Amino acid sequence: MEDWQRSLSESVVTEKDLARYFNINPDEIREIIKEYPMRIPKYYLNLIEKPGDPIWLQAVPDVREIQDTGCPDDPLHEDVDSPVPNLVHRYPDRVLFLVTFQCTMYCRFCTRKRGVGHPGFVDRHAFDKAIRYIAEHEEIRDVILSGGDPLILTDDKLERIIAPLREIPHLDIIRIGTKVPCTFPERITQSLCDMLKKYHPLFINVHFNHPRELTPQAKKACEMLADAGIPLGNQTVLLKGVNDDPEVMSALMKGLLKMRVKPYYIYQADITKGTNHFRTKVEVGLKIMRALRGYTSGLAVPYFVIDAPGGGGKIPILPDSIVGYDEQTGDYLLRNYEGKIFRYPEAGVQVQISPENQIPADWIA
Ligand SMILES: *Cc1c(COP(=O)(O)O)cnc(C)c1O
């Protein structure tokens, strides 16, 4: 057993474990985790400052999870879009490959809440079928390993997944989606990095939701992966009480860049059963995006997306930047980050731009 495995086995998983740290109602916690499992690594538990804070909300079961009856189990229709078990093929040229249903931490807002916590690694039969499907579909040029968290697997098991994928000639890139640098950074070992870097081009998307998760340990984990030549992106979920605030989100995005991680997506929380208490109004995300674009480095600005229920895929939600088109002059009227409106002459029309080129905002309304 490796050190990280021993450390993970000391995570908080029962109501009794949790009651050693916090004043909770063990009967209530037991009821919730019968339905939706709990695992909190000691490292992440130590980031909690007090009950109800943004770290606690992500990790500690809440009775509202089992009171939520309105939401579907599989809002994204991942089961519907699955041609063979463990594979989701929704977009033309890329597939999601769910390689395990275990995680180092069970996030309370998980989009696959219905499925996580089951033992182990995809079985041999399902694995062979998934590899065969990818090999037979030459249009697939990008495989995203997800789960569960692929990095909960040992280096050996992970290599037994990645190596056969790399043999497939039409596969350009391999991606891994993992929360390990955030919840359990000690899993990022030098031997893991040495294994991964044999399989470039390999990309990793990590998952941080709050600036307090950007610790020296998390930074080191990201830097080790980046030093192995792996470009890092981040996917954040917009969560009520955690990061539904422009200042918090701005600090998170800027902090990620300092750890060599490029913010990739901010997701509107999915309508997954058991997670409804985390959802925010769409306007909250738009307000956050308006507070980022223009006010800070473009590198710190991800796309805000809603994964459309029913398998529509990710749809970027943008503050309206085209406010109109002036038929008379052939100019587009564009709104900048401050809300000011500027003319942009369409190609092929006579350019007539006044020196300041600005239109009073009330001219449009
Ligand atoms: C998110 C997702 C992808 C990857 O989408 P990108 O926009 O390319 O990052 C692929 N397949 C499924 C089913 C997804 O949900």
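As the structure lists them, so they are numbered: ligands from 1, and atoms in each ligand from 1. Just so we're clear, the structure is a prediction, and the values are computed from it rather than from any experiment.
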Validation row, ring centre Tyr332 to ring centre Tyr344 under 6.0 Å: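 Ring centroids of Tyr332 and Tyr344 are no less than 6.0 Å from each other.
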
Quiz item: cation-pi between Lys113 and Tyr36, 6.0 Å / 45°: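 Because its charged atom sits under 6.0 Å from the ring centre and within 45° of the axis, Lys113 does stack over Tyr36.
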
Main-chain N/O of Ile140 paired with His89 side-chain donor or acceptor, under 3.5 Å: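 It does not hold such a pair.
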
Check: Glu78 side chain, Leu87 main-chain N or O, donor-acceptor pair, under 3.5 Å: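 Between the backbone of Leu87 and the side chain of Glu78 there is no qualifying donor-acceptor contact (under 3.5 Å).
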
Other residues, nucleotides, ligands: >12 heavy atoms within 6.0 Å of Phe342 CZ: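 For Phe342, atom CZ is crowded (more than 12 foreign heavy atoms under 6.0 Å).
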
Listing, residues 142-150 side-chain donor-acceptor contacts under 3.5 Å, not counting sequence neighbours, or none:
residue: Asp142; atom: OD1; partner: Arg175; partner atom: NE; Å: 3.2
residue: Asp142; atom: OD2; partner: Arg175; partner atom: NE; Å: 3.2
residue: Asp142; atom: OD2; partner: Arg175; partner atom: NH2; Å: 2.8
residue: Ser146; atom: OG; partner: Arg112; partner atom: NH1; Å: 3.4
residue: Asp149; atom: OD1; partner: Leu151; partner atom: N; Å: 3.0
residue: Asp149; atom: OD1; partner: Thr178; partner atom: OG1; Å: 2.7
residue: Asp149; atom: OD2; partner: Thr178; partner atom: OG1; Å: 3.0
residue: Asp149; atom: OD2; partner: Lys179; partner atom: N; Å: 2.8
residue: Asp149; atom: OD2; partner: Val180; partner atom: N; Å: 3.4

Close-range residues for ligand 1, whose non-hydrogen atoms fall below the 4.0 Å threshold: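 Its neighbours under 4.0 Å (heavy atoms only) are Val88, Arg90, Tyr91, Arg94, Leu96, Ile144, Arg175, Tyr264, Tyr265, Lys314, given by chain and number.
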
